[in-house]
Asker: 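Sending over a structure as structure tokens; questions will come in a sec.
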Amino acid sequence: DAKTTQPPSMDCTEGRAANLPCNHSTISGNEYVYWYRQIHSQGPQYIIHGLKNNETNEMASLIITEDRKSSTLILPHATLRDTAVYYCIVIHQSNTGKLIFGQGTTLQVKP
Amino acid sequence: DAGVTQSPTHLIKTRGQHVTLRCSPISGHKSVSWYQQVLGQGPQFIFQYYEKEERGRGNFPDRFSARQFPNYSSELNVNALLLGDSALYLCASSLGGSGANVLTFGAGSRLTVL
């Protein structure tokens, strides 16, 4: 699985969009980008995933660059409850649930 | 529907003892995975089971073992506990197949080894 690089921490103002970047320059054509988050003292939570097209669900949007070497997770209207560690994970399509978590980005949403 | 449930939520053991952690997956999920999360780090993969068969094992010593039962629940066993085994142990379930990587995690079992 390709390695990912994320900034260790970011701040965001409540009500504004939070844009979390992820670099995965060695991603291959059959690898997906997944995002999970972990709120303090809880288990990780699945957010969204994509292959090459942009994706949106009720939680977030995922924007993948055309060359697929980077992506951005967008929380459109961040709330205090979105304060968490966000993990960007690249997973091969043949993978069966073995996730390799890096250090992630600690997002602090401030009032 | 109940989410992934784990028990116990907290436990304290001493070095050399044995521990068994239990996990009940979401109804309909046939895959269960176990992760260890040491304070300040991301979760590390330990085991994955699908349809009662081991499908993956992480870089953990043989002191760690697991199994999945016919009802798809699972146990993680750790023998000869070391201080370094102190961690949050997370269980996750998924449908398997094409949905194998969309995991639902439980709240974890926090193990302290003294």
Side-chain angles (χ1 to χ4, degrees), chain A residues 1-9 20 22 24 27-28 30-51 55-60 62 71 73 84-108, chain B residues 3-6 9-10 21 23-26 29-51 53-60 66 68 72 74 87-110:
Chain A
D1 294 324
K3 181 180 171 61
T4 62
T5 304
Q6 299 178 253
S9 64
L20 293 96
C22 179
H24 32 79
I27 194 170
S28 66
N30 48 12
E31 290 181 317
Y32 288 75
V33 180
Y34 279 71
W35 283 82
Y36 280 78
R37 73 179 181 183
Q38 187 170 25
I39 296 170
H40 184 61
S41 298
Q42 297 182 22
Q45 177 189 25
Y46 165 80
I47 302 173
I48 198 168
H49 74 278
L51 182 63
E55 303 287 345
T56 296
N57 63 19
E58 65 279 3
M59 288 184 68
L62 174 60
S71 61
L73 179 74
V85 179
Y86 287 77
Y87 296 99
C88 170
I89 307 171
V90 170
I91 302 175
H92 192 275
Q93 67 179 15
S94 65
N95 186 69
T96 56
K98 174 184 176 181
L99 304 186
I100 308 298
F101 288 85
Q103 293 294 102
T105 295
T106 299
L107 176 68
Q108 182 72 48
Chain B
V4 176
T5 57
Q6 294 187 242
T9 54
H10 295 82
L21 307 178
C23 173
S24 293
I26 288 175
H29 283 192
K30 299 181 178 180
S31 177
V32 169
S33 302
W34 288 94
Y35 289 78
Q36 180 197 65
Q37 187 171 26
V38 175
L39 196 63
Q41 298 183 16
Q44 285 202 23
F45 172 78
I46 310 175
F47 284 110
Q48 192 234 348
Y49 280 78
Y50 179 67
E51 289 281 13
E53 290 189 3
E54 182 182 305
R55 293 297 182 92
R57 171 186 282 257
N59 187 24
F60 280 82
Q68 186 177 32
Y72 302 108
S74 178
L88 180 66
Y89 289 85
L90 295 159
C91 174
S93 75
S94 72
L95 288 168
S98 61
N101 298 312
V102 178
L103 304 185
T104 301
F105 283 83
S109 294
R110 184 163 297 281

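Chain identifiers are assigned alphabetically (A, B, ...) following the order of the sequence lines, protein sequences preceding nucleic acid strands; residue numbering begins at 1 within each chain.
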Asker: Find the distance between OH (B:Y35) and CG (B:L88) and round it off to the nearest 0.5 Å.
Answerer: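 One gets 13.5 Å once the value is rounded to the nearest 0.5 Å.
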Asker: Would you compute the distance between atom CD1 of A:I91 and atom CG of A:L99 and round it to the nearest 0.5 angstrom?
Answerer: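 Reported to 0.5 Å precision, the distance equals 4.5 Å.
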Asker: Look at B:R110, B:Q37, B:Q44 and state which one has the largest set of heavy-atom pairs under 4.5 Å with chain A.
Answerer: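 Among the listed options, the one with the most contacts to chain A is B:Q37.
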Asker: Tell me, side chain or backbone of B:L103 under 4.5 Å from chain A's heavy atoms, or both, or neither?
Answerer: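 It is both, since atoms from each part get that close.
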Asker: Would you please name every residue forming a side-chain contact (heavy atoms from CB on, under 4.5 Å) with A:Q42, sequence neighbours left out?
Answerer: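 Counting only residues at least two positions away or on another chain, A:Q42 forms a side-chain contact (heavy atoms from CB on, under 4.5 Å) with A:I39.
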Asker: Heavy-atom pairs under 4.5 Å with chain A are the metric here; pick the option from B:G42, B:P43, B:G58 that has the most.
Answerer: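 If we count pairs closer than 4.5 Å to chain A, B:P43 comes out on top.
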Asker: Starting at OH of A:Y86, measure out to CD of A:Q6 and round the result to the nearest 0.5 Å.
Answerer: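 Reported value, rounded in 0.5 Å steps: 11.5 Å.
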Asker: Under a 4.5 Å heavy-atom cut-off, does chain A meet the side chain of B:S94, its backbone, both or neither?
Answerer: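 Contact with chain A: none, neither part.
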Asker: Could you list the residues that satisfy side-chain contact (heavy atoms from CB on, under 4.5 Å) with B:A66, not counting sequence neighbours?
Answerer: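 Per chain and number, B:A66 pairs via side-chain contact (heavy atoms from CB on, under 4.5 Å) with B:W34, B:F47, B:Y49, B:L76.
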Asker: For A:Y32, is it the side chain, the backbone, both, or neither that has a heavy atom closer than 4.5 Å to a heavy atom of chain B?
Answerer: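 Contact with chain B is absent: no heavy atom of A:Y32 under 4.5 Å.
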